[in-house]
Amino acid sequence: MLEAAVDGLLALFTPESILFMLLGIAFGILIGFLPGVGGIVAMALLLPFIFGREPAAAMALLLGAHVATIYNDAITGILFNVPGAAKGIALCFDGYPMTQRGEGARALGIAATSSLLGGIVGVIFLIAVLPIVRAIMLALGPPEYFVMGLWGLSVIAVFAEGSVLKGLVSGGLGLLLAFVGQDPVTATARFTFGRLYLFDGIDFAVAAIGLFAISQMISLYTQGGSIVKRNVVFHESSVWDGVRDVLRHPRVLTQSSLLGLFIGALPGIGATVGGIAAYGQAAQTSKHPEEFGKGSVEGIIAPSATLGANEGGGLLPTLGFGIPGGESSAILLSAFIVLGIAPGQQMLTEGLALVFSMIWVIVIANIITTTAGLFTAPYFARLTTVPGNRLIPLVMAVCFAGVYAINRRIEDVIVCALFGAIGYGLKKYGYSVAALAIGLVLGPVLERYLHISVTLHGNLFWLTRPVALILLLFVIATVAWPFLRRSERVSPPEERERVDA
Amino acid sequence: MNLSSKAQDNLVGGCILSVLMMVIGLSLTYGPRARLVPLTVSVLTLTALLVEMFLRNTRSKNSRGVEGIDFLTKRGEEIASEIPVGEPDDAVVIDEPGGSARGGIGLVALFAALIYLFGILPATFSYVTGYLFFISKVGLVKALAYAGATWVTLYLLFIVLLGVPLYYGYVFLLMQ
């Protein structure tokens, strides 16, 4: 394995590979700024350029671009509440409040460092599990994926600040919105009102940009001023504070990275669920869960590290089985076909050098992107002091153009604007927009895997599948843990005082 | 019309309630497998909403008098209060007065309508110019320059780089 690792690294030290990786990273950085247009689009656009290239150089181009978009998604999400791609949505939850506090540079430092270290931790574990990847993959199926979806849903409790019931209502509305379109089992058109546009359902990226970015622009308009109310960006926090923050939270970093690797390896779950699940996991195990949603350091570390590690995880089913772990892996699989590479067990034995080349690309691209990100973060953070009245039309223009570019449907622009108004109204009346977005992401995952699980294993699938049962107990434990800990913290005298009061 | 915050909450709750009732009604028209999950979720959500509304209305908290459905009628300031702002003593205030929520939503709707009618690039140019000139009170030349720069940026990023032909607009389609 060591020999393959060295060969994989050496394959990247050719002029063609280095040039392709740098081009890919530069392209990814540029694309990452566009809302709704994520790494998948970057990879898809670069796909035609890999014909006739060396496999290592081709992977350097594709994965370099994809990895570069991960951090750039964070920039727009953290500074403007505009998720660059659906998977970056969890970064808005605490990144944007931190920016509003005047700590945008620090938040960017946290995101960049977590993404880098998450990627490295993920890669280390990826190498460790390569020999047993098939056994792990075969132990997991639709029931386990369903339980993972439930775990993601438990995050809603984090956003139920003030009213758990309003949080649940928001989550429920999000789930119901996710059911618009064709039913995954019978293909029945649900809640479409005969509109062809709604047959495919509501695109999550379109809804997310409306719920977060457009609603935020309405809020900014009503508030007046700029995103950051005080000119403190350059005095009170720096990007290096963010780096130190990450190093002070090794537990969150490691657990989120491993979670990212694990979720990346589950086909059809996707990085969006991963980011949300990591956020929930961090909130449920944090010593300060009350800070989540208000600019918590851990709330930024968790999704960033997960997204960084997720890329490595996505390689597992792609390389081991030829099954894409997510959309980006599907494009990678297309690249394999173009290059004449056959994924599967053979690739993990005879083609191990190329596997390691891909792993090295993830690491090197992460390092380059993070370094560039750390040095440019203070300059990006200054943008948040631009008066809102200058920023609003520009952000809205980019958002609407980005939304249109996703599916090239004008209806998406209208739906995005509608979600902007809905998001603003919900926020105003104390209904969590984040909970609604989580429901919207997880709805299709939950419904699809619930139906498959019931069909394959019966109604009691969660009891008959030991792995699913263990995961379910784990989910229950992580959900119950904050409540148990909170009740432990209330000492008897305090309790008595409360009763007296 | 002045409505208490509790009444406003009830009004919003009522809207959500009617949506949920409609969802339940529609779900019942689908087959058993197609309605299984949506029906369950909508019933649970409805229950949560009813409990929330019941608890809210039976609490003894006094409602404060504010303007009715204030996101439609009131000049916005409440969202600002949600934002944790630091101590004001060392603040360098860069605030401008805010607009009404109705105006904010109207501006989004106007932009979407312009895009629908005239296409993304012409709508962006006219909207950015108009916004900066009329709302931000930027000089016309500067507003035109900003709008031009935005237009060029979108053109380069989406049409040249991504190869996405941006929407031309309903008016253009009518003219063809």
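Quick note on labels: first sequence line is chain A, next is B, and so on, each numbered from 1. Every heavy atom of this structure was used, including side-chain atoms; hydrogens, water molecules and symmetry mates were not. Note that this is a predicted model, so its numbers are computed, not measured.
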Can you tell if the side chain of [X] reaches within under 4.5 Å of the side chain of [Y], non-hydrogen atoms only?
X       : Y       : answer
F400(A) : I120(B) : no
Y431(A) : V12(B)  : yes
F179(A) : V41(B)  : yes
H451(A) : L36(B)  : yes
V37(B)  : L450(A) : yes
M217(A) : V108(B) : no
F191(A) : P38(B)  : yes

Query raised in the report: Of the backbone (N, CA, C, O) and the side chain (C-beta and beyond), which part of A109(B) lies under 4.5 Å from a heavy atom of chain A, both, or neither?
Result: neither
Report task. Could you look at L46(B) and say if it's the side chain, the backbone, both or neither that has a heavy atom under 4.5 Å from chain A? Result -> neither
Query raised in the report: Any idea how Y404(A) and Y167(B) line up, ring-wise: parallel (<30°), tilted (30 to 60°), or perpendicular (>60°)?
Result: tilted
Report task. For the pair L26(B) and R190(A), evaluate side-chain contact (heavy atoms from CB on, under 4.5 Å) and give the outcome as yes or no after the intermediate values. Result -> CA-CA 8 Å; L26(B) 281 172; R190(A) 296 180 302 191; over 6 Å; no
Report task. May I ask you to name which of V185(A), L176(A), V413(A) has the most heavy-atom pairs under 4.5 Å with chain B? Result -> L176(A)
Do you know which two heavy atoms are closest between [X] and [Y], and how far apart they sit?
X       : Y       : value
R408(A) : G163(B) : NH2-O, 3.8 Å
I135(B) : Y221(A) : CG2-CE1, 4.1 Å
A401(A) : L166(B) : O-CD2, 4.4 Å

Query raised in the report: Sub-3.5 Å donor-acceptor pair from the side chain of T150(B) to the main-chain atoms of L394(A), do we have one?
Result: no
Query raised in the report: Between atom CG of L426(A) and atom CD1 of I16(B), what is the distance when rounded to the nearest 0.5 Å?
Result: 6.0 Å
